[in-house]
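Just the heavy atoms: all of them, side chains too, but no hydrogens, waters or symmetry mates, feed the values below. Since we're looking at a predicted model, the values are computed, not measured.
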Amino acid sequence: MTAPVFVVDHFNPGPGGRYVLEGAEGRHAVSVKRLRPGEDVILTDGAGTWADCVVLDTEGKDRLIVQMDSVSHEPEPAPRIVVVQALPKGDRGEVAVETMTETGVDVIVPWQASRCITQWKGDRGAKSLAKWRTTAREAGKQSRRMRFPEVAGLMTTKQVAQLLAAAAFAGVLHEGGDEPLAAVTLPEKGDVVLVVGPEGGVAPEELAVFEEAGAKPYLLGPSVLRTSTAGTVAAAVLLARTERWS
């Protein structure tokens, strides 16, 4: 197993490469993970910059002292996988974000589809978006990612159509598609954007708007998946056909 990952906002060690991890991340490392001298850890900013480190010591309950000798940078993924996720009910949104993060999705876009039961409005919407972003951050750490997915702000159907029009490849997961997603030809770079509808499905008028923007409907498989799992499965199907998983 790779070393545990902790998030930092800078990579500026002191003399001799001594770096102090403190605050919430330091508390988690010392009091929860109970890391000890000699153990390996990885520090990352979640945006592709990271450093392999070795624990030197601990101080109190929330300070981990590590040796940081070098800093590396992970290049931007190509192609990027973008999933437009219609708002699921209850906590299924966080489940979708968590598993898509673990799989390797690069951008997650919450979408207020017409058939969504859940409505993100006012304070409730702001809190729900914050939960999605926190979930992506924690899942990124757990899955040892150096680049955590971006969770965009809530989009309307019109905004999603604009996103699809600018993509290198765009598709909608839909039972009315006549081509399997597993058979599509993917670009080597740019954004691959997939739309996942709500439990009630993508409405005909939304499907028409997306097709006009260049996004055809595609079949994911013979069964109908829940909205909270479809994005994860679709991302895995596509990533398995890129060099990112080779």
Side-chain angles (χ1 to χ4, degrees), residues 1-14 17-33 35 39-55 62-85 91 93-110 126-155 163 189-194 228 231-232 235-236 238-239 242-245:
M1 180 180 290
T2 56
V5 173
F6 299 93
V7 181
V8 297
D9 56 10
H10 72 87
F11 293 87
N12 302 314
R18 186 177 182 273
Y19 188 101
V20 179
L21 179 68
E22 50 192 346
E25 292 291 274
R27 186 176 306 109
H28 185 73
V30 175
S31 300
V32 179
K33 300 293 290 186
L35 295 175
E39 294 189 79
D40 295 326
V41 297
I42 296 174
L43 304 184
T44 181
D45 62 0
T49 303
W50 59 280
D52 280 318
C53 303
V54 177
V55 177
D62 61 358
R63 287 169 60 87
L64 187 78
I65 297 88
V66 302
Q67 178 72 35
M68 179 191 294
D69 291 325
S70 62
V71 177
S72 302
H73 190 75
E74 183 179 278
E76 289 272 3
R80 291 201 316 168
I81 305 297
V82 181
V83 176
V84 176
Q85 174 66 60
D91 63 355
E94 287 93 90
V95 171
V97 171
E98 181 178 59
T99 55
M100 284 193 285
T101 299
E102 293 170 355
T103 304
V105 172
D106 302 295
V107 182
I108 301 169
V109 180
K127 290 178 181 178
S128 296
L129 179 59
K131 283 184 179 180
W132 280 34
R133 288 174 171 165
T134 298
T135 299
R137 181 180 186 272
E138 294 306 309
K141 290 166 56 178
Q142 186 276 329
S143 56
R144 312 296 201 257
R145 287 183 61 166
M146 299 302 104
R147 284 186 178 276
F148 301 164
E150 171 194 347
V151 178
L154 181 68
M155 287 193 182
L163 185 68
K189 59 183 180 180
D191 285 352
V192 173
V193 184
L194 289 176
S228 55
T232 298
L238 295 181
L239 283 166
T242 70
E243 293 186 358
R244 291 177 58 177
W245 274 23

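Taken to the nearest 0.5 Å, the OG1 atom of Thr135 stands 5.0 Å off from the CD atom of Glu94. To the nearest 0.5 Å, atoms CE (Met100) and CD (Gln85) are separated by 4.5 Å. In this structure, CG on Leu64 lies 13.0 Å from CZ on Arg27, to the nearest 0.5 angstrom. Here the NZ atom belonging to Lys33 is positioned 5.5 Å from the NE2 atom belonging to His28, to the nearest 0.5 angstrom. Rounded to the nearest 0.5 Å, atoms OG1 (Thr2) and CZ (Arg144) are 4.5 Å apart. One distance of note links CD1 of Ile108 with CH2 of Trp132; it measures 7.5 Å at 0.5 Å rounding.
In this structure, Val41 and Phe6 have side chains that are in contact, with non-hydrogen atoms separated by less than 4.5 Å. Within the 4.5 Å cutoff, the side chain of Pro79 has no heavy atoms near those of the Asp191 side chain. Between Val107 and Val83 the shortest side-chain heavy-atom distance does not fall below 4.5 Å.
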*Just do the side-chain contact (heavy atoms from CB on, under 4.5 Å) check on Leu43 and Leu21 with the steps written out, would you?*
CA-CA 9 Å; Leu43 304 184; Leu21 179 68; 4.2 Å; yes

_Show, in sequence, the C-alpha distance, side-chain angles and deciding distance for Leu194 and Val84, and conclude whether the side-chain contact (heavy atoms from CB on, under 4.5 Å) test is met._
CA-CA 6 Å; Leu194 289 176; Val84 176; over 6 Å; no

*Given Asp40 and Asp52, is the side-chain contact (heavy atoms from CB on, under 4.5 Å) satisfied, shown in steps?*
CA-CA 7 Å; Asp40 295 326; Asp52 280 318; over 6 Å; no

*Please test Val54 against Glu39 for side-chain contact (heavy atoms from CB on, under 4.5 Å), starting from the C-alpha separation and ending with a verdict.*
CA-CA 6 Å; Val54 177; Glu39 294 189 79; over 6 Å; no

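In this structure, Thr49 contributes its side chain and Asp45 its backbone to no donor-acceptor pair below 3.5 Å. One N or O on the side chain of Arg147 and one on the backbone of Glu74 form a donor-acceptor pair closer than 3.5 Å. The closest donor-acceptor contact from the side chain of Arg18 to the backbone of Val66 lies at 3.5 Å or more, if one exists at all. Thr99 places no side-chain N or O within donor-acceptor distance of the main-chain N or O of Thr232, the cut-off being under 3.5 Å.
For Cys53 against Met68, the heavy-atom pair with the smallest separation is SG-CB, 3.9 Å. Across every non-hydrogen atom of Arg145 and Val5, the tightest pair is O-CG1, 4.4 Å. Taking both residues in full, the closest heavy atoms of Leu129 and Gly153 are given as CD2-CA, 4.2 Å, listed atom of the first, atom of the second, then distance. Here the closest heavy-atom approach between residue Thr103 and residue Trp245 is recorded as O-CZ2, 3.4 Å. Nearest heavy-atom pair across Ala152 and Pro110 is O-CD, 3.2 Å. When all heavy atoms of Ala51 and Ser70 are compared, the closest pair comes out as CB-O, 3.3 Å.
Classification of Arg244 and Asp106 as a salt-bridged pair holds, one side-chain N sitting under 4.0 Å from a carboxylate O. In summary, Glu25 and Arg63 do not engage in a salt bridge, as defined by a charged side-chain N under 4.0 Å from a carboxylate O.
A side-chain contact (heavy atoms from CB on, under 4.5 Å) with Val193 holds for exactly one of Ile81, Val109, Val82; it is Val82.
Taking the six-membered ring wherever Trp is involved, the centroid distance between the rings of Tyr19 and His10 falls below 6.0 Å.
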